[in-house]
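Numbering of ligands and ligand atoms starts at 1, following listing order. Source: prediction; values computed, not measured.
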Amino acid sequence: MVNKNQLQLTYRDRLKLLTGAAGLAALTACGGGGSSSPTPPSGGTPPPAPPTPPVSTTPVDGLLRDTFRNNFVVGAAIGSAQIAEGSEDADILSKQFSSITAENLMKPDALAPTEGTYTFEAADALIAFAEANNLQVRGHTLLWYRATPDYFFEGTREEIKARLQKYITDVVTHFKGRVYAWDVVNEAISDGDGPTAPYRDSNWYQAAGGPDYIDWAFEAARAADPDVKLFINDYNTELAGKRARLVTVVEDLIARGIPLDGVGHQAHIQQSTSAADVFAGLDAFTNMFAGLENHITELDISVYSDPASCFDNATGCQPSVGNTLPAARAREQATRYRELFSGFAARSNLTSVTLWGLTDDASWLNSFPVDRPNYPLIYDRDRDPKTAFLAITDPNYVI
Ligand code: XIL
């Protein structure tokens, strides 16, 4: 039987124990001929070997989610590969996380590739996995300007509205009671102050002749499920301009009584991003109305700090760091993860924090904005917890 103290050992404690044991073993080996070493009488039984602590890079079950259990659920974005029978990823998810998001499997092109025909199987399998492993599910996403088949934009404005509302009604009804929140509208805010600002000049904006499609989406989602939390989700809320535009839109939705429960902050950040800027994004919405929630929906920390041109036209991107994460960058990243999670835990209206992936090899940032190995998450390519994991789960861990 394992005693409680053993269960509470952190990964670092185990490492310390391990180092201690290795040191002891080395001392014993060196001292073999010394006068003070216990020499067994010839033919006698040698003294018992010192106890060997667990040799494992596996943290105690539940450490990650339990560290934040009074603050927020901890999620990861995943696909079918991560839940395959017997996969190490499935094991990590079930032991360390409390929430999942479908990285792609609940987007319109995955759920309704042709009009009126739903392909729910892969998403249903994710949800079944979640339910079998006590994980909650965050829904992503009902409306986006990407990952949406062309048929959504065919016909008159009224036809487009009716089709969108039917799609949202069908999907929200299908998953009713099995997801705790939906990103109803994703990335509807403009990146600059162009003519359609604060709204993105998108296929949806053009099809609806303005931003009304946002209302249509929220109203259909609320009508289909009165209980699920409805979110508007976007990136770059750590940047003042984007944040201000999102604030304008959220204030307008609230003023007009559009059913909205919260703001999703993607938080695809770079090592150069300060935690204070991420917190400013969250705090801009705190107290906007009673009960409004913030979610961190897609957190990852790129080890590159690229200029805007890298995202705009793939120029000026930082060169690859190679096939191993340099120690200095790992430490810098761990520091940022620690700052973020401790600030997240201090914000009571932040109720969900999701990482955009589980292990570094599976991150979308290995091919976005350019092909280049990236290391943005808290589990490495060998499925071992990284320094960043230790930094957020053990306040005494020295980075
Ligand atoms: C990304 C996925 O990670 C990729 O696998 C896919 O090819 C494109 O979409 N913002 C979002 C997410 O809201 O849905 C995106 O996910 C990343 C940016």
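- Residues N186 and Q266 have side chains that bring a donor and an acceptor to within less than 3.5 angstrom of each other.
- Ligand-side atoms of ligand 1 in range of N186: 11 (C), 13 (O), range being under 4.0 angstrom from any heavy atom.
- The ligand atoms of ligand 1 that sit less than 4.0 angstrom from a heavy atom of W144 are 9 (O), 14 (O), 15 (C).
- For R163 (side chain) and F152 (main-chain N/O), a donor-acceptor pair under 3.5 Å exists by modelled atom type.
- Scanning the protein heavy atoms around atom 5 (O) of ligand 1, the nearest turns out to be N104 ND2, 3.0 Å.
- Within the 4.0 Å heavy-atom criterion, neither part of T141 lies near ligand 1.
- Of the N or O atoms in W364, none lie within a sub-3.5 Å distance of an N or O in ligand 1.
- In this structure, F368 does not count as a contact residue of ligand 1, since none of its heavy atoms falls inside 4.0 Å of the ligand.
- Close approach to E298 involves these atoms of ligand 1, each under 4.0 Å from a residue heavy atom: 10 (N), 11 (C), 12 (C), 13 (O), 17 (C), 18 (C).
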Check against side chain to side chain donor-acceptor pair (under 3.5 Å), H295 and T351: CA-CA 6 Å; H295 285 180; T351 50; 3.0 Å; yes
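- Atoms of ligand 1 found under 4.0 Å from any heavy atom of H140 (numbered from 1 in listed order, with element): 11 (C), 12 (C), 13 (O), 14 (O).
- Contact annotation for Y235 and ligand 1: no heavy atom of the residue comes within less than 4.0 Å of the ligand.
- Against a heavy-atom cut-off of under 4.0 Å, E187 is close to the following atoms of ligand 1: 10 (N), 11 (C), 13 (O), 18 (C).
- Here the protein heavy atom with the shortest distance to atom 2 (C) of ligand 1 is E103 OE2, 3.4 Å.
- When the options K107, H268, Q266 are ranked by their closest heavy atom to atom 1 (C) of ligand 1, first place goes to K107.
- A cation-pi arrangement is absent between R200 and Y205 under the rule of less than 6.0 angstrom and at most 45 degrees off the ring axis.
- A salt bridge does not link K107 to D183: none of the charged nitrogens lies less than 4.0 Å from a carboxylate oxygen.
- Within a 6.0 Å sphere centred on CG of D150, other residues, nucleotides and ligands contribute 12 heavy atoms or fewer.
- With respect to atom 8 (C) of ligand 1, the closest heavy atom belonging to the protein is R146 NH2, 3.8 Å.
- Checking Y118 against D170 by side-chain atom types alone, a donor-acceptor pair falls below 3.5 Å.
- Geometric assessment of R381 against the ring of Y375 yields a positive cation-pi assignment under the 6.0 Å and 45° thresholds.
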Side chain to side chain donor-acceptor pair (under 3.5 Å) between S87 and D89, worked out: CA-CA 5 Å; S87 89; D89 290 351; 5.1 Å; no
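- At a heavy-atom cutoff of 4.0 Å, ligand 1 is contacted by no atom of D183, backbone or side chain.
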